[in-house]
Amino acid sequence: MNNHKKTTPDKDTPHESAAKHVSGESIYVDDIPTTNQLLTGHVVYSPYAHARIKSFDLSAAKKLPGIHAVLSAKDIPGKNQMGPVIKDEPCLAEKEIEFIGQGIFLIAGENAEICRQAEKLIRIEFEVLEPILDIDTAIARNSYLGEQRTIERGDPQKELQTAPHLLEGELHTGAQEHWYLETQACLCLPGEDKEMFVYSSTQHPSETQLLVAEVLGIPVNEVLVEVRRLGGAFGGKETQANHYACWTALLSRATGRPVKIRLNRDQDQIMTGKRHPFRIRYKVGYDEAGKILAADIQLHSDGGAANDLSYAILERAMLHAENSYFIPNIRITGKVCKTNYPPNTAMRGFGAPQAMAAMETVIDRIARELGKDSAEIRRINFYGLKENNIAPYGEIIENNRLPVIYDKLIRSSEYRKRHQEIARFNQQNEFYKKGMALTPVKFGISFTTAFLNQAGALVNIYKDGTILVNHGGVEMGQGLHTKMRNIAAAEFGVDVSRIKVNATDTSKIPNTSATAASSGSDLNGMAVKNAIGKLKVRIAESIASHFSKEAGKGKQSIAEDIIFENNYIYDKKNPKRRISFEAAIPICYLGQTSLSATGFYRTPDIGFDRQKGKGRPFHYYAFGMAVSEVLLDILTGYHKLVRTDILHDVGESLNPAIDMGQLTGGFVQGVGWCTTEEIKWDEDGHLLSHSPDTYKIPTADDIPADFRVNFLEGYPNPNTIRRSKAVGEPPFMLALSAWLAIKDAISAVGNHEFEPPFSLPATNEVILLSIEEIKKKIQKKVSATLV
Ligand code: MTE
Ligand code: HPA
Ligand code: MOS
């Protein structure tokens with residue numbers, strides 16, 4: 001398709017920092033060179049999940065040699081508040097403590113050891129109160145962080161009464177640790193007057209900037225936040241990096257010196273919020289064929305002790321509770337429980353995985369009740385192309401790729417043949433069982449808080465023809481900067497080597513949204529394109545007049561005919577008139593042309609009314625499907641993912657290698673949440689799994705032995721940057737195929753006659769207990785027939 005003349009700005013470029021990541025030369029907050037003035041910042045956090053501070057004495061700690069500051073809430077010059085949306089999170093606790101890990105005092109000292117010694121010298125008296133440590137208790141005590149939300153269509157209560165079949169149940173999903181490789185970190189350098197320079201590992205530089213200004217009591221224009229890159233975030237630094245920035249800035253202001261706070265792994269796991277655990281109750285009515293007629297779904301999430309993003313996360317959960325299925329009569333309600341854990345926060349999928357796990361459980365159970373293959377039940381319930389294509393909240397599911405992905409994946413994964421082979425395997429093997437499941441993902445792209453869907457860019461061209469792209473998004477390993485470089489190269493028609501993407505900087509691009517909701521490349525890509533469009537108009541005018549001058553009396557060149565391609569700029573009506581990009585830029589400069597432009601983008605046509613539960617929250621949807629097969633050792637509960645086939649829609653990929661990394665990495669992170677990652681607390685709210693020896697993230701062995709991952713080819717996405725599709729979060733939820741494949745293998749123990757008890761994560765313990773239950777049911781049935 002590509003003729004040799006057309007520029008194909010190689011989008012197959014490796015991640016712009018890949019070599020540095022491997023060699024260890026990439027610079028993270030902790031690697032930034034500083035002066036010998038640098039002090040270590042240390043946070044003294046609450047040892048109780050719920051308590052009142054009766055009194056404290058910092059004097060001995062302050063006197064320790066090598067200690068430069070010991071601060072309490074009283075020492076905060078600005079507001080003692082760092083809630084991102086709702087102002088319910090004090091920067092330092094004043095009277096009441098609501099979770100273990102809540103900051104109470106800050107220490108700056110010569111090194112970490114001295115800070116720890118100082119901490120031991122702090123005298124503090126607590127009155128210990130009773131904590132709430134689970135969703136059921138929170139509900140029983142009416143402990144919530146806000147009001148109930150509802151999305152409703154049709155008359156589900158009536159239809160549930162008349163439906164031929166009724167299904168009821170409850171699913172609990174577990175928390176999940178983000179386990180970014182770089183723990184929370186911030187370095188602050190005080191400037192002159194009120195200035196504060198903040199190097200933070202944050203997904204949301206503008207919010208970090210605002211909150212630092214608020215706690216310091218200074219104008220926002222005195223604070224500059226710079227982010228070169230994050231060593232992973234996964235949502236864990238969308239709001240919660242703010243805390244470390246606020247604390248570091250307070251210490252830096254108090255001492256007048258550079259200060260750095262960097263958590264060790266245990267501190268990070270103890271202090272930071274996680275993926276929200278959910279309790280989901282469902283009542284579903286369906287017909288003989290397995291078509292869902294009505295559903296009533298109640299979501300309760302564990303928000304922890306403060307709001308953070310819990311309501312936005314609950315909202316996204318509610319907007320994905322039906323996953324890929326058209327349900328004519330449906331009521332979805334949701335409420336966030338207040339407990340005494342660290343405030344739970346954004347994590348890849350943002351509530352959708354939890355709700356989708358429940359809907360996929362429903363489908364799986366309907367199939368088991370009817371004795372049908374669950375993939376069939378899925379197919380007949382999918383949203384349609386022309387009818388049955390409206391979501392419960394009123395958005396039309398446009399460009400629905402579910403049917404095409406299903407057909408292709410069923411074929412390419414040899415689903416039917418393998419389904420039979422697995423049945424045969426299970427007949428022949430007593431101690432090993434196999435299971436398989438296909439699950440779909442439909443994920444809405446856009447921040448559900450509509451105004452957040454905006455982005456800015458600033459593109460500079462320098463006299464040597466090199467280009468510096470600034471945009472508001474942060475690089476957290478997902479390859480955003482690489483994609484922005486690919487986009488800029490394509491728009492300018494030059495090689496990527498000419499383009500550098502700058503560290504994200506609040507003085508270059510103001511008022512940005514978090515890099516989140518998978519929309520980093522959609523939003524910033526459009527803003528970069530917008531800026532480049534302006535520059536190209538100016539360059540075209542300048543070069544057209546240059547060509548005209550050179551042509552003398554010949555036909556004049558006009559800006560509209562100027563083309564940027566293959567590192568050249570030429571007149572398409574007179575292609576001999578051409579000049580290299582590099583040679584053109586000095587001509588533009590001498591012609592007094594501005595070579596710097598800002599760009600802006602806002603997503604058109606979206607909006608959602610929270611109160612009514614209606615609207616068009618999403619610009620478009622990302623679709624994908626996975627088929628997973630597991631082998632289960634029924635004596636130990638050990639299981640192995642033997643094969644996973646994924647077919648996922650990324651539109652026209654902005655960078656195939658990076659998108660492949662997001663697909664495979666997202667899937668495996670999802671497998672961790674579904675299987676081995678179990679967070680445990682003791683009865684007082686202490687985190688028991690606070691290091692990698694007790695918290696098991698996936699390893700190389702957890703990757704499917706046979707992993708076949710493909711993009712849906714030939715389906716460009718309309719109205720997005722270079723017809724691409726967001727890819728960051730959707731693949732996470734494909735892991736539900738592995739989870740339900742395990743359930744299918746357990747079910748095989750009882751020849752698929754009994755419904756296995758199941759929850760998420762399906763740890764070895766859950767699996768073995770479920771197998772025990774099935775065996776008991778088999779026993780009962782045998783003795784019943786004997787009697
Ligand atoms: N990939 C890597 N390597 N590291 C990350 O921290 N975060 C995920 C996803 N992929 C993440 C990642 C999450 S939660 C989101 S919302 C998106 O990347 C954010 O980036 P994007 O909007 O540019 O896709
Ligand atoms: N995703 C991530 N962050 C957000 C969202 C979302 O949908 N809405 C508000 N903050
Ligand atoms: Mo991602 S959870 O939106 O940072």
Side-chain angles (χ1 to χ4, degrees), residues 1-13 16 456-471 481-502 521 524-551 554-601 652-655 716 719-724:
M1 222 175 64
N2 297 318
N3 67 45
H4 68 284
K5 267 183 123 184
K6 192 175 167 240
T7 311
T8 29
D10 37 339
K11 49 186 195 174
D12 273 318
T13 51
E16 38 85 37
L458 168 67
V459 178
N460 298 338
I461 310 175
Y462 296 94
K463 279 190 265 182
D464 66 350
T466 60
I467 298 162
L468 186 67
V469 173
N470 296 273
H471 62 86
H481 285 356
T482 311
K483 288 181 170 180
M484 293 305 105
R485 209 169 163 224
N486 292 141
I487 289 167
E491 295 296 325
F492 272 126
V494 300
D495 291 342
V496 288
S497 59
R498 193 168 286 287
I499 293 156
K500 182 181 161 84
V501 178
N502 212 17
S521 48
N524 294 290
M526 281 297 204
V528 167
K529 183 183 165 174
N530 179 241
I532 292 175
K534 293 181 190 172
L535 287 168
K536 281 167 73 179
V537 168
R538 294 182 208 154
I539 295 169
E541 279 166 4
S542 183
I543 295 303
S545 97
H546 167 74
F547 286 157
S548 301
K549 251 183 249 154
E550 298 251 292
K555 197 172 178 308
Q556 302 286 289
S557 284
I558 56 165
E560 288 70 25
D561 292 338
I562 298 296
I563 301 288
F564 294 69
E565 230 174 67
N566 285 336
N567 296 307
Y568 277 88
I569 298 174
Y570 68 94
D571 182 340
K572 71 177 178 199
K573 296 254 174 69
N574 199 343
K576 283 202 189 108
R577 291 180 189 170
R578 61 171 216 159
I579 184 169
S580 74
F581 187 86
E582 195 168 333
I585 295 305
I587 293 171
C588 296
Y589 170 73
L590 292 173
Q592 295 166 295
T593 303
S594 164
L595 291 172
S596 173
T598 59
F600 186 78
Y601 176 71
E652 276 180 15
S653 176
L654 287 170
N655 183 312
N719 306 321
T720 50
I721 183 74
R722 304 193 78 75
R723 299 163 296 282
S724 67

If you take all heavy atoms of [X] and [Y], which pair is closest and at what distance?
X: Ala531; Y: Val459; value: CB-CG2, 3.7 Å
X: Ala527; Y: Gly456; value: CB-C, 3.7 Å
X: Ser521; Y: Leu654; value: CB-CD1, 4.0 Å
X: Ala488; Y: Val528; value: CB-CG1, 4.4 Å
X: Met484; Y: Asn524; value: SD-C, 3.7 Å
X: Met526; Y: Asn719; value: CE-O, 4.2 Å

Looking just at side-chain N and O atoms, do [X] and [Y] make a donor-acceptor pair shorter than 3.5 Å?
X: Asn574; Y: Ser557; value: no
X: Asn655; Y: Thr482; value: no
X: Ser497; Y: Asp495; value: no

Backbone of [Y] reached by a side-chain donor or acceptor of [X] within 3.5 Å:
X: Arg485; Y: Ile499; result: yes
X: Lys11; Y: Ser653; result: yes
X: Asn470; Y: Asn502; result: no

Inset, instruction - Sorted by first residue and then second, give each side chain to side chain donor-acceptor pair (under 3.5 Å) pair with at least one member in residues 530-547; sequence neighbours left out. - result: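 Every side chain to side chain donor-acceptor pair (under 3.5 Å) pair that includes a residue of residues 530-547, provided the two are not neighbours, is Arg538-Ser594.
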Spatial distance of atom [atom1] ([X]) from atom [atom2] ([Y]) [nearest 0.5 Å]:
X: Tyr568; Y: Ile579; atom1: OH; atom2: CD1; value: 9.5 Å
X: Leu535; Y: Thr598; atom1: CG; atom2: OG1; value: 9.5 Å
X: Ile562; Y: Ile543; atom1: CD1; atom2: CD1; value: 7.5 Å
X: Ile569; Y: Ile539; atom1: CD1; atom2: CD1; value: 5.5 Å
X: Arg578; Y: Glu565; atom1: CZ; atom2: CD; value: 11.0 Å
X: Glu491; Y: Asn486; atom1: CD; atom2: CG; value: 11.5 Å

Inset, instruction - Only counting residues at least two apart or in another chain, list the ones meeting ring-ring contact (aromatic ring centres under 6.0 Å, His included) with Phe581. - result: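 Partners of Phe581 under the ring-ring contact (aromatic ring centres under 6.0 Å, His included) test: Phe492.
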Inset, instruction - Please say whether the positively charged group of Arg577, taken as NZ for Lys or CZ for Arg, lies over the ring of Phe547, i.e. under 6.0 angstrom from the six-membered ring centre and within 45 degrees of the axis. - result: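 No; the conditions do not both hold, so Arg577 does not lie above the ring face of Phe547.
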Inset, instruction - With the side chain counted from C-beta on, respond yes when Ile467 and Val494 share a heavy-atom pair under 4.5 Å apart, and no when they do not. - result: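 The answer is yes, as the side chains (C-beta and beyond) meet within the 4.5 Å cut-off.
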Inset, instruction - Could you tell me which residues satisfy side chain to side chain donor-acceptor pair (under 3.5 Å) with Thr720, sequence neighbours excluded, listed by chain and number? - result: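 Listed in chain order: Asn717.
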Legend entry - Contacts of type side-chain contact (heavy atoms from CB on, under 4.5 Å), residue Tyr589, not counting sequence neighbours: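 In terms of side-chain contact (heavy atoms from CB on, under 4.5 Å), with neighbours along the sequence ignored, Tyr589 is linked to Lys463, Leu595.
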Legend entry - Stepwise side chain to side chain contact (heavy atoms under 4.5 Å, CB included) test for Thr466 and Lys500: CA-CA 8 Å; Thr466 60; Lys500 182 181 161 84; over 6 Å; no
Inset, instruction - Could you tell me which residues satisfy salt bridge (charged side-chain N to carboxylate O under 4.0 Å, His left out) with Glu582, sequence neighbours excluded, listed by chain and number? - result: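 Arg498.
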Legend entry - Lys572: salt bridge (charged side-chain N to carboxylate O under 4.0 Å, His left out) partners, not counting sequence neighbours: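 For Lys572 there are no salt bridge (charged side-chain N to carboxylate O under 4.0 Å, His left out) partners, ignoring immediate neighbours.
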